[in-house]
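These numbers come from the heavy atoms of this one structure, side chains and all, not from hydrogens, waters or symmetry mates. Starting from 1, each residue takes its place in the sequence as its number.
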Amino acid sequence: MAASSSTPVFGDVYVDDLISSCGNSLDFTKPTAVYFNDRRHSSFLKASLSFRKKESYNSHLISVHVGPWLRNFHNSSSVCCVAGAAHNVSFDGNSSDERLANSTILSDPPILGEKALKLLSGSCYLPHPDKEETGGEDAHFICEDAQAIGVADGVGGWADVGVNAGHFSRELMSYSVRAIQEEPEGCFDPARVLEKAHSCTKAKGSSTACIIGLTEKGLQAINLGDSGFVVVRDGSTIFQSPVQQHGFNFTYQLESGRGADLPSSGQVFLIPVVPGDVIIAGTDGLFDNLYNNEVTAVVVHAVRAGLEPRVTAQKIAALARQRALDKSRQTPFSTAAQEAGFRYYGGKLDDITVVVSYITGSSNV
């Protein structure tokens, strides 16, 4: 098993020190490319969405969690508790995809009155079984007081040239936290946060990135690549961030310098939310293995059972791992592979990061 040591960086930020490597017995379950020279690719799927006026919050106490794993869950503060192995769960739902035909941004959020909203979050990280000793390549953070979360997935194909992409993803998330701390009061902008974090990240490698923050205006987010998030309301998926890929299994990715995609290629979102909404953010280890209806089924069960976000995240991650190990069940990844002309069935074994956030009124926290 991987060992964890928690060291303080950026003041009240704690980072789990992990060293990662990549291994997968199936060649094309790794990205088909990790960087490119043709800058025309950067225009694919560019977002045409924009923010409205930014809202304010304070971020004086922030913890970043980069890789608490299966048997050695780490809890650096009361801000985010991730403890105990995820339990196996099973839901016999239809495997058909419930993706939204067209992701849309609602322009007018509901009137919320005087009740402030809070983001109550918990996470679970399961590295690829072959990478448990080194911790995998995913990274994520939860900032309670800043009401922000983020995930990143280091591109495993870098291992073919001797580069550990986990260093890049962890450094990117660490600098994202610092950028959040430095945001002007009342002007939280996840696109600016990602731009600053990327400019500071010098490690070799590349990764996806997804940063989400809750403000009085709604949920503000930026996503680049095939990590992402969904919003569940009353048992239905009301939003899913689109996947950004240059081709099958070739995700948009940030790299130090200007060798790959840039933060400006990320898609930016403003999503009105209400108490009771549930946000599920994750890396492709989640979304390659579970359809939306399967994720929603776990969320509905968890909310009805009164489970906290951490436990919900564990259950979603456990189900994703179960699907990843299934060699015959249809999954989002196998569907995409078949559409790309590959003869492939079953799940995709990978690092799995799940961050679950409940939207709740401050009086309910």
Side-chain angles (χ1 to χ4, degrees), residues 31 41-51 54 99-100 102-106 119 121 123 137-143 147-155 168-169 172-173 175-177 179-180 188-198 201 206-215 218-232 237-246 249-255 260-273 277-288 290 292 295 332 336 351-357:
H41 289 306
S42 65
S43 64
F44 295 171
L45 295 176
K46 276 192 175 180
S48 59
L49 307 172
S50 62
F51 287 151
K54 311 302 186 296
R99 301 173 194 166
L100 299 179
N102 294 292
S103 296
T104 59
I105 302 302
L106 304 179
L119 201 63
S121 302
S123 63
E137 290 137 351
D138 283 4
H140 71 280
F141 68 82
I142 295 174
C143 304
Q147 297 290 277
I149 60 176
V151 298
D153 179 5
V155 177
F168 184 92
S169 64
L172 181 68
M173 290 292 94
Y175 280 117
S176 295
V177 171
I180 289 172
F188 174 74
D189 183 340
R192 180 171 58 223
V193 166
L194 184 58
E195 179 73 37
K196 291 174 67 175
H198 176 250
T201 302
S206 61
S207 80
T208 65
C210 181
I211 297 173
I212 306 166
L214 177 66
T215 72
L219 205 64
Q220 295 181 217
I222 184 168
N223 185 65
L224 185 143
D226 58 8
S227 296
F229 68 102
V230 297
V231 180
V232 174
T237 301
I238 65 166
F239 178 82
Q240 178 181 16
S241 58
V243 172
Q244 290 183 304
Q245 290 184 329
H246 298 295
N249 212 32
F250 181 11
T251 182
Y252 274 40
Q253 56 201 268
L254 298 175
E255 181 188 353
D261 299 293
L262 299 175
S264 58
S265 296
Q267 292 182 286
V268 177
F269 309 99
L270 172 60
I271 307 166
V273 290
D277 287 354
V278 181
I279 297 123
I280 305 95
T283 55
D284 64 343
L286 166 62
F287 296 113
D288 279 344
L290 293 183
N292 279 350
V295 175
D351 298 335
I352 298 170
T353 295
V354 182
V355 181
V356 172
S357 299

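With no hydrogens or angles considered, a side-chain donor-acceptor pair links Ser206 and Gln253 at under 3.5 Å. Counting only N and O atoms by type, the side chains of Asp138 and Thr353 include a donor and acceptor under 3.5 Å apart.
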Should Val230 and Phe287 be marked as a side-chain contact (heavy atoms from CB on, under 4.5 Å) after you check the CA-CA gap, both sets of side-chain angles, and the distance that decides it?
-> CA-CA 10 Å; Val230 297; Phe287 296 113; 4.1 Å; yes
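Of all heavy-atom pairs between Asp277 and Pro272, the closest is OD2-O, 4.5 Å. Contact record, Leu286 with Gly282: CD2-CA, 4.1 Å, taken as the closest heavy-atom pair. Between Thr201 and Leu172 the shortest heavy-atom distance is OG1-CA, 3.4 Å. The two residues Ser123 and Val355 come nearest to each other via the heavy atoms CB-CG2, 4.0 Å.
Rounding to the nearest 0.5 Å places CD1 of Ile352 at 11.0 Å from CG of Asp153. Interatomic distance, Gln245 CD to Asp284 CG, rounded to the nearest 0.5 Å: 8.5 Å. Here Thr215 contributes atom OG1 and Gln220 contributes atom CD; the two are 4.0 Å apart, rounded to the nearest 0.5 Å. Atoms CD1 and NZ, on Ile180 and Lys196 in that order, are 10.5 Å from each other to the nearest 0.5 Å. Remark: Asn223 CG to Ile211 CD1 distance equals 10.0 Å, nearest 0.5 Å. Atom OG1 of Thr251 sits about 7.5 Å away from atom CD of Gln244, to the nearest 0.5 Å.
Considering only heavy atoms from C-beta on, Gln267 stays 4.5 Å or farther from Leu224 through its side chain. The shortest distance between side-chain heavy atoms of Val193 and Phe188 falls below 4.5 Å. Counting heavy atoms from C-beta on, the side chains of Cys143 and Ile149 never come closer than 4.5 Å. With a 4.5 Å cut-off on side-chain heavy atoms, Pro263 and Leu254 count as touching.
Remark: Phe229 pairs with Cys210, Ile212, Leu219, Ala221, Val231, Phe239, Ser241, Phe269, Ile271, Ile279, Ala281 by the side-chain contact (heavy atoms from CB on, under 4.5 Å) rule, at least two apart or across chains. For Thr208, the side chain to side chain donor-acceptor pair (under 3.5 Å) partners are Ser227, not counting sequence neighbours. With sequence neighbours excluded, no residue forms a side chain to side chain donor-acceptor pair (under 3.5 Å) with Ser207.
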